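Let me begin by presenting the structure, written as structure tokens, before commenting on it.
All heavy atoms count here, side chains included; hydrogens, waters and symmetry mates do not. Because the structure is a prediction, the values reported are computed rather than measured.
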Amino acid sequence: MLLALHYWSKMEYKSRMIITIDGPAGSGKSTAAKKLAKALDIAHLDTGATYRAVTLAALRAGIDLEDESALTDLAGKIDIRLEYGQGGQVRVMLDGKDVSREIRTADVSDNSHYVACLTGVRDVLVAMQRRMGGELVGESGGFVAEGRDQGSVVFPDADVKFYLDASCEVRARRRCDEMPDADYEQVLRAIRTRDERDSTRAVAPLIKPDGAVVIDTTDMNIEEVTAELLRQVRSAQ
Ligand code: C5P
């Protein structure tokens, strides 16, 4: 019975499914993207991980984070891979080494905006993300790409596009729940700074992509968000 249901859901959705989820930090998009990908039995493409991997490589190499030419060069030379395991687990590999934990440190989080605003780096990473997407379509029939520019720049022809949002206060509270030692006011300030940076940067600013379904998750829990995304995907079929 379970097996039958599994195949039924595959048949129902999977001729080729590209879904994008964009939104600010703390909007719930990462968890929702993972859960949606799992429910649809397709891959989760975490594009923030690619910016984080370049940032980590730059910090390790001691490259000036405002040196566009050196960073673009670096982005083109390093080998970034997302390795998919059982149950949708993803390992982020940088030059053959697992950096899944290291790319989530505060040092990398605080510095990733430098590489994210450089046209040269973005060009390399956008091409890389499209290549990864193409491979994922071949391997698992589709993917849920999550980031800031997925529906607007990287996969503008996606089958379904989402933009998730939530109030700054709720996003700060969610971050604090993940990091019990964090100071709420400090996290709130950091979120506001990050929003400002993400939406005003000259290259690929965070915008609501054309045709995106906008979901305000302020008063929703993650199960409700996932259910709503699934409902929207079904009605788009
Ligand atoms: O989503 P996450 O926090 O992992 O993103 C890490 C960094 O990469 C952030 O600075 C974010 O603005 C940037 N980013 C981006 N475009 C994406 C994904 C992430 O500029 N598609």
Side-chain angles (χ1 to χ4, degrees), residues 20-27 29-30 33-34 43-84 89-136 143 145-150 152-155 171 175 178-179 181-182 186-187 189-207:
T20 59
I21 305 185
D22 293 297
S27 57
K29 65 183 187 316
S30 294
K34 274 184 212 137
H44 167 219
L45 178 52
D46 171 8
T47 62
T50 62
Y51 289 91
R52 287 171 177 272
V54 175
T55 306
L56 176 63
L59 291 171
R60 280 179 175 171
I63 295 173
D64 174 359
L65 292 174
E66 296 191 26
D67 184 341
E68 176 156 11
S69 128
L71 289 166
T72 304
D73 204 38
L74 176 78
K77 275 188 194 144
I78 56 178
D79 181 37
I80 303 172
R81 281 170 208 269
L82 303 183
E83 283 187 2
Y84 293 82
Q89 266 319 92
V90 185
R91 289 200 307 168
V92 182
M93 309 297 289
L94 172 61
D95 290 330
K97 301 247 165 57
D98 185 350
V99 293
S100 312
R101 289 167 75 97
E102 226 177 324
I103 59 163
R104 307 283 163 201
T105 58
D107 202 18
V108 173
S109 299
D110 293 346
N111 286 298
S112 58
H113 67 94
Y114 288 104
V115 306
C117 72
L118 301 175
T119 312
V121 173
R122 292 201 81 88
D123 287 348
V124 173
L125 293 187
V126 165
M128 182 187 292
Q129 291 159 17
R130 288 186 179 140
R131 207 166 48 241
M132 287 172 167
E135 286 166 12
L136 291 175
F143 56 88
E146 168 221 333
R148 306 290 188 289
D149 59 348
Q150 297 301 291
S152 53
V153 174
V154 187
F155 302 109
R171 290 189 286 128
R175 275 286 137 102
E178 287 164 9
M179 309 178 292
D181 295 337
Q186 212 174 334
V187 172
R189 272 198 302 278
I191 284 204
R192 289 198 167 120
T193 309
R194 221 165 143 184
D195 280 4
E196 173 76 9
R197 263 192 214 127
D198 278 351
S199 52
T200 57
R201 69 183 176 209
V203 205
L206 174 64
I207 52 161

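Side-chain contact check for Val90 versus Asp46: every heavy-atom pair is 4.5 Å or farther apart. Under the 4.5 Å side-chain criterion, counting only non-hydrogen atoms from C-beta, Lys97 is not in contact with Leu94. At least one side-chain heavy atom of Leu59 sits less than 4.5 Å from a side-chain heavy atom of Leu65. Annotation: side chain of Val126 is in contact with side chain of Arg130 (closest heavy-atom distance under 4.5 Å). Pro24 has its side chain within reach of Arg171: a pair of non-hydrogen atoms, C-beta onward, lies under 4.5 Å apart. By the 4.5 Å heavy-atom criterion applied to side chains, His44 and Glu146 are counted as neighbours. Looking only at side-chain heavy atoms (C-beta outward), Leu71 and Tyr114 stay at 4.5 Å or farther from each other. Between Ile80 and Val54, the closest side-chain pair of non-hydrogen atoms falls below 4.5 Å.
Contacts classified as salt bridge (Lys or Arg N to Asp or Glu O under 4.0 Å) and involving residues 69-83 (residues at least two apart or in different chains) are given here: Asp73-Lys77, Asp79-Arg81, Glu83-Arg91. Applying the salt bridge (Lys or Arg N to Asp or Glu O under 4.0 Å) test to residues at least two apart or on different chains, the pairs with a partner in residues 53-72 are Arg60-Glu102.
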*List the steps and the verdict of side chain to side chain contact (heavy atoms under 4.5 Å, CB included) for Val108 and Thr105.*
CA-CA 5 Å; Val108 173; Thr105 58; 3.5 Å; yes
*Take Thr47 and Leu125 through the side chain to side chain contact (heavy atoms under 4.5 Å, CB included) test and state the conclusion after the steps.*
CA-CA 9 Å; Thr47 62; Leu125 293 187; over 6 Å; no
*Evaluate the criterion side chain to side chain contact (heavy atoms under 4.5 Å, CB included) for residue pair Arg148 and Lys29; output intermediate values, then yes/no.*
CA-CA 10 Å; Arg148 306 290 188 289; Lys29 65 183 187 316; 3.3 Å; yes
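When every heavy atom of Ile78 is checked against every heavy atom of Ala57, the shortest pair comes out as CD1-CB, 4.0 Å. Contact detail for Val203 and Cys117: the closest heavy-atom pair is CG2-O, 3.3 Å. Listed here is the closest heavy atom pair of Ala182 and Val187: CB-CG2, 3.8 Å. Here the shortest heavy-atom pairing between Ile207 and Ser152 reads CD1-CB, 3.8 Å. Listed here is the closest heavy atom pair of Ser199 and Pro205: O-CB, 3.5 Å. Looking at every heavy atom in both residues, Ala25 comes nearest to Ile191 through O-CD1, 4.4 Å.
In this view, Arg52 satisfies the salt bridge (charged side-chain N to carboxylate O under 4.0 Å, His left out) rule with no residue, not counting sequence neighbours. For Phe143, the ring-ring contact (aromatic ring centres under 6.0 Å, His included) partners at least two apart in sequence or on another chain are Phe155. Every residue was checked against the side-chain contact (heavy atoms from CB on, under 4.5 Å) condition with Gln89, not counting sequence neighbours, and none meets it. Among residues two or more places apart in sequence or in another chain, the salt bridge (charged side-chain N to carboxylate O under 4.0 Å, His left out) test is passed with Arg122 by Asp149.
Rounded to the nearest 0.5 Å, atoms CD (Glu178) and CZ (Arg104) are 10.5 Å apart. Between atom CG of residue Leu82 and atom CG of residue Leu136 there is a gap of 8.0 Å, rounded to the nearest 0.5 Å. Atoms CZ and OG, from Arg194 and Ser112 in turn, are 5.5 Å apart once rounded to the nearest 0.5 Å. Considering CG of Leu206 and CG of Asp195, their distance stands at 7.5 Å, rounded to 0.5 Å. The CE atom of Met132 sits 6.5 Å away from the OG1 atom of Thr50 when rounded to the nearest 0.5 Å. Distance check, rounded to the nearest 0.5 Å: OH of Tyr51 to CD1 of Ile103 gives 13.5 Å.
Judged purely by atom type and a 3.5 angstrom limit, Arg201 uses its side chain to pair as donor or acceptor with the backbone of Ala204.
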